[in-house]
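One structure is given below, encoded as structure tokens.
Quick caveat: nothing in here was measured; it's all calculated off a predicted structure.
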Amino acid sequence: MPSVREQIALELITPSPRTYKQLKPFQFGENTFNDRVMREKLPKDVYKKLIKTIKAGEKLDLSIANSVAHAMKEWAISKGVTHFTHWFQPQTGLTAEKHDSFYEVESDGQIIERFKGDQLVQGEPDASSFPSGGMRATFEARGYTMWDPSSPAFIVEGPNGGGILCIPSVFISYNGEALDKKTPLLRSMDAINRSGLALLKLFGNKTATRVVPTVGTEQEYFLIDKRFFNLRPDLRVAGRTLLGAEPPKGQQLEDHYFGSIKERVLAFMQDAENELYRLGVPAKTRHNEVAPHQFEIAPIFAEMNIGADRNQLIMEVLKRVAARHGLALLLHEKPFKGVNGSGKHNNWSLTDSQGNNLLDPGKTPEENLQFLVFLVSVLKAVNDYGDLLRASIASAGNDHRLGANEAPPAIMSVFLGERLTEILDDIKAGKEIKRTEEFIIDLGISQLPSILRDNTDRNRTSPFAFTGNKFEFRAVGSSASISMPNIFLSAAVADSIDIIIKDIQKELEKGTEFKAAVLSVLRKFIIETERIRFEGNNYSKEWEEEAEKRGLPNIKRTGYALAALIDPKNVAMLERQKVFSRQELEARYHIKLEQYVKTLDIEADTICDMIQTKILPAAVEYQTRLAVAIKETHAVASVSNGLGLEILIDSLNKINATISELHQECQKLKALLNEGLTIKDIEKQARFFADRIVDQIEATRKPADQLETIIPDDLWPLPKYSEMLFML
């Protein structure tokens with residue numbers, strides 16, 4: 001009788017006809033309390049005041065809260081909604097929500113649907129049950145969620161009809177400390193707005209009222225059949241395969257990337273995009289990624305706060321819709337050994353209130369000079385706070401991906417491309433800046449047009465690359481919130497702008513002409529930041545050696561990388577920019593260390609449990625099968641030269657040795673885990689786990705994976721890579 005996994009494989013090879021539901025027509029953003037709905041539902045004066053808060057960043061006028069709450073409730077109820085929630089992003093990296101009904105009981109016992117302004121503006125979840133890094137004691141339960149009007153409320157439909165009105169919110173403690181990711185994100189946007197406007201004003205722009213960081217996030221993920229997922233305890237618990245031999249075919253033929261999308265996957269994508277469109281998330285791109293069963297979705301750029309909210313929504317919707325299609329969505333950075341890991345390329349840029357991209361070279365010398373100041377500010381930010389950017393993308397999962405064939409190393413460097421490098425080198429040398437020429441590529445084929453070549457090629461090995469009018473931060477992990485990388489990047493750029501402005505003003509006070517003053521300051525910082533500019537192959541060993549000579553850190557494991565969160569220079573900058581307090585940073589440091597240790601603890605326990613309950617029983621059963629075969633073969637007198645017996649004995653010896661090695665490595669892992677868990681200091685504990693547990697998990701895996709290649713297929717208890725990655 002075939003095993004469960006063999007039955008699944010058989011069904012997937014010869015699937016029964018599938019029926020896919022007809023997607024119902026929709027209006028983009030129909031489940032979002034967006035500008036169109038607000039214009040229609042709100043009184044004109046209320047609408048204008050709310051738009052000033054959303055578009056101009058003005059403080060919310062609380063006098064309009066009741067009107068907005070009433071309109072929001074009426075709109076939601078008209079769509080069958082019965083509950084509302086303050087949707088927030090605690091330090092778990094996920095989203096959180098507590099549902100409250102609109103129903104209230106009047107004094108006469110009548111039920112009425114009510115939603116007041118104070119309910120819209122503020123909620124009160126239990127703050128002691130979320131990670132706080134010591135800012136909240138167990139008995140200090142009070143915390144507040146507060147409405148963020150800059151991100152539109154939305155409706156998530158329930159499985160049995162009705163739905164939930166989700167109100168994007170910040171989450172703070174009773175004393176006002178940020179317990180979430182949104183609060184510091186909004187603060188960092190305020191910082192870059194202050195600094196950016198000051199720089200524009202220096203260049204004579206008195207009409208811009210706001211400078212806004214924008215992001216576009218490319219989200220990578222894997223899909224496998226849900227039944228295979230259910231048979232893998234490691235995927236269910238740890239999110240990645242802790243065991244699994246690499247299959248003969250992986251991604252070496254490079255035949256998956258941008259390939260034709262399978263029907264089952266396309267049905268899932270269409271369903272997910274339909275939900276996202278209704279939520280006002282403009283999903284733009286979908287395609288096959290490099291590894292088998294790996295895919296990507298990317299939305300259109302948005303303001304940084306909205307972009308962060310949308311990325312959380314994308315992950316939630318993809319996971320929910322995948323389950324509906326009998327699929328499991330894997331967001332771990334390295335769910336399968338030996339093939340592409342998953343990240344999310346965080347494309348970051350700056351725009352002003354007039355719609356100008358401030359990282360786009362201008363058409364006049366003044367605009368080009370302004371662009372160069374913003375560009376060099378980013379270089380200075382990466383140069384001065386590269387360790388902080390490394391900490392922002394640190395996790396146990398991302399450690400497996402960074403430096404592999406599809407991800408940049410843990411060294412923070414910047415790629416600018418040939419043309420920009422030439423311009424900066426000319427400024428450094430004091431030469432006249434050459435005018436940028438359009439570069440036309442003529443393909444020499446009459447049927448095809450000439451095309452405009454970008455001023456820079458792309459460098460997919462760089463962790464931080466300039467790609468035309470934006471910077472692409474490629475090192476962010478696929479399961480992570482994009483908030484922390486963008487918080488630190490935006491704050492560091494704001495700080496760099498402030499320093500450059502001060503230096504320019506000093507030059508002007510000396511009587512230096514404006515252009516000469518700007519170029520003089522740029523020259524200083526171009527020289528200072530030269531060490532982090534690299535145009536070559538970031539994957540190469542040569543770059544690691546060169547980076548070490550330049551004094552660039554290469555911190556490969558999270559247990560060490562997180563120390564940047566409490567480095568005095570980083571704390572001073574973030575306090576200076578009013579993004580984090582020292583206490584908030586120390587809290588996040590402890591939270592991230594605890595999450596790292598707990599993740600590795602779970603992985604170690606899971607792999608040992610799988611070995612004990614699944615791998616060793618299968619190995620012993622095969623061992624017994626071989627012993628019986630040897631005994632029976634030995635008893636057959638007609639065996640000619642004993643060759644068959646010799647092969648059986650050799651196989652038995654091999655499996656005996658591998659079982660023994662597996663048992664020993666598993667015992668070592670358990671002993672190390674027990675030792676690590678006795679360490680009380682969380683920093684020392686995290687570094688012990690980084691130094692000892694990570695490598696021992698890999699050492700324990702090795703003989704288990706070897707057994708997979710020895711034990712007959714009918715005895716192996718786990719779905720194999722060749723099944724999970726090639727059957728949908």
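The two atoms that bring Ser483 and Leu185 nearest to each other are O-CD1, 3.7 Å, heavy atoms only. Taking both residues in full, the closest heavy atoms of Val321 and Ala272 are given as CG1-N, 3.8 Å, listed atom of the first, atom of the second, then distance. What you find for Ile54 and Pro149 is that their closest heavy atoms are CG1-O, 3.2 Å. Contact record, Ala238 with Leu242: CB-CD1, 4.3 Å, taken as the closest heavy-atom pair. Between His400 and His332, the shortest heavy-atom distance links the atoms CD2-CE1, 4.5 Å. Nearest heavy atoms, Leu313 versus Leu276: O-CD2, 4.3 Å.
Using a 4.0 Å cut-off between charged nitrogen and carboxylate oxygen, Arg320 and Asp271 do not count as a salt-bridge pair. Ion pair Lys79/Glu157 not flagged as a salt bridge, since none of the NZ, NE, NH1 or NH2 atoms sits closer than 4.0 Å to an Asp/Glu carboxylate oxygen. The existence of a salt bridge linking Arg240 and Glu333 is excluded, since no basic side-chain nitrogen approaches an acidic carboxylate oxygen closer than 4.0 Å. Using a 4.0 Å cut-off between charged nitrogen and carboxylate oxygen, Lys73 and Glu113 do not count as a salt-bridge pair. The residues Asp180 and Lys182 are annotated as not salt-bridged, no charged nitrogen and carboxylate oxygen being separated by less than 4.0 angstrom. A salt bridge is absent between Glu603 and Lys598: the closest approach of a Lys/Arg side-chain nitrogen to an acidic carboxylate oxygen does not fall below 4.0 angstrom. The pair Lys720-Asp713 meets the salt-bridge criterion, since a charged nitrogen lies less than 4.0 angstrom from a carboxylate oxygen.
Side chains of Thr214 and Met304 form no contact here, defined as non-hydrogen atoms less than 4.5 Å apart. Between Gln27 and Tyr277 there is no side-chain heavy-atom pair separated by less than 4.5 Å. Put simply, the side chain of Lys344 does not reach to within 4.5 Å of the side chain of Glu218, judged on heavy atoms. Side-chain contact between Leu725 and Phe222: present, with at least one pair of heavy atoms (C-beta onward) separated by less than 4.5 Å. Annotation: side chain of Tyr622 is not in contact with side chain of Leu707 (no heavy-atom distance under 4.5 Å). Residues Leu231 and Leu718 have side chains not in contact (no heavy-atom distance under 4.5 Å, counting atoms from C-beta outward). Side-chain contact check for Met315 versus Tyr221: every heavy-atom pair is 4.5 Å or farther apart. Contact check for Pro213 versus Thr351: no side-chain heavy atoms found under the 4.5 Å cut-off.
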Can you list the steps and then say if Arg286 with Glu273 is a salt bridge (charged side-chain N to carboxylate O under 4.0 Å, His left out)? CA-CA 10 Å; Arg286 65 183 181 215; Glu273 286 169 1; 2.5 Å; yes
Pair Glu30-Arg278, salt bridge (charged side-chain N to carboxylate O under 4.0 Å, His left out): steps then yes or no: CA-CA 5 Å; Glu30 66 181 357; Arg278 297 175 72 204; 2.5 Å; yes
Might you work through the side-chain hydrogen bond (donor to acceptor under 3.5 Å, both in side chains) test for Asp234 and Thr606, ending with a clear yes or no? CA-CA 6 Å; Asp234 47 0; Thr606 301; over 6 Å; no
Run Ser462 and Asn538 through side-chain hydrogen bond (donor to acceptor under 3.5 Å, both in side chains) and show every step you take. CA-CA 6 Å; Ser462 175; Asn538 286 251; 4.6 Å; no
Begin from the C-alpha positions of Asn230 and Arg227 and carry the test side-chain hydrogen bond (donor to acceptor under 3.5 Å, both in side chains) through to its verdict. CA-CA 5 Å; Asn230 289 337; Arg227 291 168 294 177; over 6 Å; no
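Remark: aromatic rings of Trp75 and Phe33 are close, center separation under 6.0 Å. Two rings, from Phe115 and Phe84, have their centers less than 6.0 Å apart.
Counting only distance, with no hydrogens or angles, the side chain of Asn398 and the backbone of Ala475 share a donor-acceptor pair below 3.5 Å. Panel note: side chain Asp148, backbone Ser169; no donor-acceptor pair is recorded below 3.5 Å. Judged by distance alone, the side chain of Ser478 and the main-chain N or O of Leu331 form a donor-acceptor pair under 3.5 Å. Between the side chain of Thr32 and the main chain of Ile155, no donor-acceptor pair closer than 3.5 Å is present. Looking only at distances, a side-chain donor or acceptor of Asn486 sits under 3.5 Å from a matching main-chain atom of Ile482. Formation of a donor-acceptor pair under 3.5 Å by the Ser490 side chain with backbone atoms of Ile487 is not found in this model. At distances below 3.5 Å, at least one donor-acceptor pair connects side-chain atoms of Thr241 with backbone N or O atoms of Pro335.
Pairs engaging residues 80-92 under the side chain to side chain donor-acceptor pair (under 3.5 Å) rule: Gln89-Asp309 [sequence neighbours left out].
Between Phe295 and His256, the angle of the ring planes goes over 60°, which puts this pair in the perpendicular group of the 30/60° scheme.
Around atom OH of Tyr103, no more than 12 heavy atoms belonging to other residues, nucleotides or ligands sit under 6.0 Å away. Heavy-atom contacts from other residues, nucleotides or ligands closer than 6.0 Å to NZ of Lys556 number 12 or fewer.
Screening Gln294, Glu220, Glu289 for a side chain to side chain donor-acceptor pair (under 3.5 Å) with Ser342, the sole residue that qualifies is Gln294.
For the residue pair Thr217/Asn311, the side-chain donor-acceptor check at 3.5 Å is not satisfied.
Judged as a side chain to side chain donor-acceptor pair (under 3.5 Å), and not counting sequence neighbours, the contacts of Arg701 are Asp705, Tyr721.
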